[in-house]
Amino acid sequence: MTGTTQPPALRSVSGQRLAALVADRTSDSGLARDADVVSRVLPFKVSSYVVDHLIDWDRAADDPMYRLVIPHRDMLDPADYALVAAALDSGDAQALRISADKVRDRLNPHPGDQLTRNVPSDDELDAWGLQHKYAETVLVFPRQGQTCHSYCGYCFRWAQFVDRGDLKLAVPGPQVMTEYLRRHRQVTDVLLTGGDPLVMRTDLLAQYVEPLLTDELDHVRTIRIGTKALSFWPYRVLPGPDGDALLRLLERAVSAGRHVALMLHFSHPRELSTEPVRQALRRLAGTGAVLRAQAPLVRHVNDEPDTWATMWREQVRHGIVPYYMFVERDTGARRYFGVPLARAADVYREAVRQVSGLARTSRGPVMSASPGKVCVDGVAALPSGPAFALRYLQARDADLVGRPFFARFDPLAEWWDELRPYGPADVPFFGRTG
Ligand SMILES: *Cc1c(COP(=O)(O)O)cnc(C)c1O
Ligand code: SF4
């Protein structure tokens, strides 16, 4: 891609055309059938860029990029797979919908009480579509940004992408956000998220960003934009009317004295390897925005220390600051992507020791759980047995932040709700469930 080429038009495959795509690229009708069945339950979409530039089809189904986006039969419990497969084969659309909904309800569609606990309850304001969990940061979910150029199989917001009205969380427009911020002057950070806000055209995105640059909202110091567009559709940032307008918008925000951070989601070093993504990164960095990267640690995609070490080194080389390594949440295809916390801590430690200090800025593994963001610092040998050494990086109760505490070691535990206090002194840290 040269500096003058217009970006291609977005093409993506979803729904019914998935089985044909997988059959065509892999010549494996079993993989195609599995993808077809599982995609009736979990959302699926893949862009032509991911199909043509990221997935190594010759290595399917073991290729990490294949594993990231293409539905696999092991994502569902065998009995659930059989239920949906039978409904699909019956040709009865209603039976299929009922079976799919039943299986979805078993996949914990709303982890961490997202819908009940974090939506601000301001009587005069319909704040549905905002999340305000930690005092300084408000999350904004613009309605038009509640999709992505492709979907990650491990997405914890998968339920939003399934066509069920009761599962949606989004603000209809920027007014809800601006009105809320006018009334909450302790908020310094606004995080535009989704889905992926960069699926929105720049003029629409600007409707959310511009109000944050006004003097009236000058308590907002930081504007973060969470995106995986650089992995799934880097053309979004490349030369062309919309990409150029995006760079100008980011430059305006920087000139207005705001810290602008692009919170980039990279799951595997291959996503940093193509010419389009490298050009996109150079263009973004040129605006004065800060580039940061985060991703969950997931089985089949990035559960080896070398994968993270390589990814962090490549990020630093391309001007990106490694930020968080997350633990896969307790939702969706968790049985497929989940990694025990003990293993996650090992992967982090074995990766971080290989890289320079500039690449050691990633914190983790972190569970974004109901009471807060809990970092698993490692396994400690304590007098009465091994323990997980834990620490809140963020907490609903800010007083808990930064204090070391312990949970009983459990080699199989994958999530916060499986952990128990190690001793009486640790009980206050577990005060709330979730
Ligand atoms: C992670 C998170 C934030 C931001 O936390 P930082 O540590 O500032 O990156 C804000 N709100 C919610 C709900 C979060 O999960
Ligand atoms: S980019 Fe983020 S929101 Fe979109 S599918 Fe992946 S994890 Fe989910």
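Atoms within each ligand, like the ligands themselves, are counted from 1 in listed order.
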Please report whether the ring centroid of [Y] lies less than 6.0 Å from that of [X].
X	Y	value
H132	Y180	yes
F430	F405	yes
F388	F406	no
F161	Y151	yes

Handout entry: Backbone or side-chain N or O of Y323 under 3.5 Å from ligand 1 N or O
Key =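 Yes; at least one N/O pair falls below 3.5 Å.
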Practice task
Could you tell me whether Y324 and ligand 1 have an N or O pair separated by under 3.5 Å?
Solution key: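 Yes: some nitrogen or oxygen of Y324 is under 3.5 Å from one in ligand 1.
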Nearest-contact summary for [atom] - protein heavy atom, Å:
atom	result
atom 6 (Fe) of ligand 2	C152 SG, 2.4 Å
atom 2 (Fe) of ligand 2	H265 ND1, 3.9 Å
atom 8 (Fe) of ligand 2	C155 SG, 2.2 Å

Handout entry: Residue R11 excluded, over 12 heavy atoms near CZ under 6.0 Å
Key =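 No, the 6.0 Å shell around CZ holds no more than 12 heavy atoms from other groups.
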Handout entry: Within 6.0 angstrom of R335 CZ, more than 12 heavy atoms from elsewhere
Key =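 Yes, enclosed.
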Problem - Distance filter under 4.0 Å to G195 heavy atoms, resulting ligand 2 atoms - result: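 So the answer, numbered in order with elements, is 3 (S).
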Practice task
For K228, counting its heavy atoms only, list the atoms of ligand 2 lying under 4.0 Å from any of them.
Solution key: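 Close to K228: 1 (S).
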Problem - Side-chain donor or acceptor of Y336 paired with backbone N/O of R299 under 3.5 Å - result: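 Flag not set: sc Y336 to bb R299 has no pair under 3.5 Å.
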Practice task
Output the list of atoms in ligand 1 that are nearer than 4.0 Å to some heavy atom of S368, sorted by atom number.
Solution key: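 What qualifies from ligand 1 is 15 (O).
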Exercise for the section: Under 4.0 Å from a heavy atom of L139: give me the atoms of ligand 1 that qualify, with their elements. Expected result: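 Under 4.0 Å from L139, ligand 1 has these atoms: 10 (C), 11 (N), 12 (C), 13 (C).
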Handout entry: Closest to atom 3 (C) of ligand 1 among Q294, Q394, R224, K373 (heavy-atom distance)
Key =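 Nearest heavy atom to atom 3 (C) of ligand 1 lies in K373.
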Handout entry: N, O or S atom of C148 closer to atom 4 (Fe) of ligand 2 than 2.8 Å
Key =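 True for C148.
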Between [X] and ligand 1, find which residue part has any heavy-atom pair under 4.0 Å and reply side chain, backbone, both or neither.
X	result
L393	neither
H132	neither
E136	neither

Exercise for the section: Measure the spacing between OH of Y134 and CZ of R396 and express it to the nearest 0.5 Å. Expected result: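 Y134 atom OH to R396 atom CZ measures 7.0 Å (nearest 0.5 Å).
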Problem - Cation-pi check, R334 onto Y154 ring (under 6.0 Å, within 45° of axis) - result: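 That pair does not qualify as a cation-pi contact.
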